[in-house]
Amino acid sequence: HMPLLCPCANRLAGSGSNRDKFVPNPALTEPYHLSCFAFFGKLVGLALRTNATIPLHLPPLVWKQLVSMPVLLQDLAAIDLSFVQYLHQLRQIGVSSPRTGKGSSRRSSGSISPTGAGAGAGDGGESAGQLVSVFDETVDQSFTTQSSDGREVELVPGGANVHVTFANREWYCDLAQ
């Protein structure tokens, strides 16, 4: 027997908001479990129609999905702050520093190619190549993420064998988000 709901990642990590919230358990996909979710939905619907108060601690992300509203990054942060911060850090690697205005990569016409060579080679191109090389050697992330029940989930077919590189990190972040 597995619970229909599991605690959100912020509760498990002891950080962020909504530590008292629960999310549907994504591991429950068998017909029996799906019928339990359907029954649970009917109970929630009955409570709403009769103005009965039930102590149901679901985060906005879940409610938005139920009513087909767009889910925003802030909704994900409300249940898994550390993962959203990780994605932000991955995206920001190589972006110009706000203090100095200098960074390891250029954002416009001098963008970094996957090989590290690109416009700007000779005036920062070497450091850009070093950034790409160091990123690719040190970031140990595949195209997987952890679901709310702790299982590893592939973001693309064979994602466990696809390494996140400097060149594809934005794609990884988009899929993981």
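- Pairing each heavy atom of Pro7 with each of Phe22, the nearest pair is N-CD2, 3.5 Å.
- The side-chain heavy atoms of Pro31 and Leu34, taken from C-beta on, include no pair separated by under 4.5 Å.
- Leu72 belongs to no hydrophobic cluster with other residues, because no ILVMFWY side-chain heavy atom falls under 4.5 Å from its own, directly or through intermediates.
- A salt bridge is defined here as a Lys NZ or Arg NE, NH1 or NH2 lying under 4.0 Å from an Asp or Glu carboxylate O, and Asp174 with Arg91 meets this definition.
- With rounding to the nearest 0.5 angstrom, the NZ atom of Lys42 is 10.5 Å from the CZ atom of Arg49.
- Looking at residues two or more places apart in sequence or on another chain, you find no salt bridge (charged side-chain N to carboxylate O under 4.0 Å, His left out) involving Asp20.
- Grouped with Leu43 in one hydrophobic cluster are Phe39, the linkage being side-chain heavy-atom contacts under 4.5 Å among Ile, Leu, Val, Met, Phe, Trp and Tyr residues.
- Among residue pairs with one or both ends in residues 40-74, none qualify as ring-ring contact (aromatic ring centres under 6.0 Å, His included); sequence neighbours excluded.
- Note that CD of Gln89 is 12.5 Å distant from CZ of Arg169, once rounded to the nearest 0.5 Å.
- Rounding to the nearest 0.5 Å places CD of Gln177 at 7.0 Å from CG of Leu76.
- Partners of Ser147 under the side-chain hydrogen bond (donor to acceptor under 3.5 Å, both in side chains) rule, at least two apart in sequence or in another chain, are Asp149.
- Considering only residues two or more places apart in sequence or on other chains, Ser15 meets the side-chain hydrogen bond (donor to acceptor under 3.5 Å, both in side chains) condition with none of them.
- Judged as a salt bridge (Lys or Arg N to Asp or Glu O under 4.0 Å), not a single pair has a partner in residues 29-41 (not counting sequence neighbours).
- Separating the CG atom in Asp136 from the CG atom in Asp140 is a distance of 12.0 Å, to the nearest 0.5 Å.
- The minimum heavy-atom distance linking Leu81 with Gly16 is given by the pair CD2-CA, 3.7 Å.
- In terms of heavy-atom proximity, Cys8 sits nearest to Arg19 at SG-CA, 4.4 Å.
- In this structure Glu137 satisfies the side-chain hydrogen bond (donor to acceptor under 3.5 Å, both in side chains) test together with Ser133, sequence neighbours excluded.
- Applying the salt bridge (Lys or Arg N to Asp or Glu O under 4.0 Å) definition to pairs two or more places apart or across chains, those involving residues 58-80 are Lys64-Asp75.
- Between the CG atom of Leu61 and the CG atom of Asn18 there is a distance of 10.0 Å, given to the nearest 0.5 Å.
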With side-chain contact (heavy atoms from CB on, under 4.5 Å) as the criterion, how do Cys6 and Val23 come out once you've worked through the C-alpha distance, each side chain's angles and the decisive distance to 0.1 Å?
CA-CA 6 Å; Cys6 54; Val23 293; 3.9 Å; yes
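- Listed here is the closest heavy atom pair of Asn10 and Ala78: ND2-O, 3.0 Å.
- Here Met69 sits in one hydrophobic cluster together with Val67; the rule is ILVMFWY side chains under 4.5 Å apart, joined directly or through other members.
- One finds the CG atom of Leu90 at 4.5 Å from the SG atom of Cys173 (value rounded to the nearest 0.5 Å).
- Sorted by first and then second residue, the pairs that involve residues 128-164 and meet ring-ring contact (aromatic ring centres under 6.0 Å, His included), not counting sequence neighbours, are Phe135-Phe166, Phe143-Trp171, Phe143-Tyr172.
- Transitive grouping of hydrophobic side chains (ILVMFWY, heavy atoms separated by less than 4.5 Å) keeps Leu12 and Val84 in distinct clusters.
- With sequence neighbours left out, the side-chain hydrogen bond (donor to acceptor under 3.5 Å, both in side chains) criterion links Thr145 to no other residue.
- The shortest distance between side-chain heavy atoms of Leu5 and Leu58 falls below 4.5 Å.
- There is a path of hydrophobic side-chain contacts, each under 4.5 Å, that joins Leu155 to Tyr86.
- Residues Pro60 and Gln74 form no side-chain contact, since every pair of their non-hydrogen atoms from C-beta on lies 4.5 Å or further apart.
- Nearest heavy-atom pair, Pro24 versus Ser148, reported as atom, atom and distance to 0.1 Å: O-OG, 3.8 Å.
- Side chain of Arg11 to main chain of Lys21: no donor-acceptor pair is present (N/O by atom type, distance under 3.5 Å, no hydrogens or angles).
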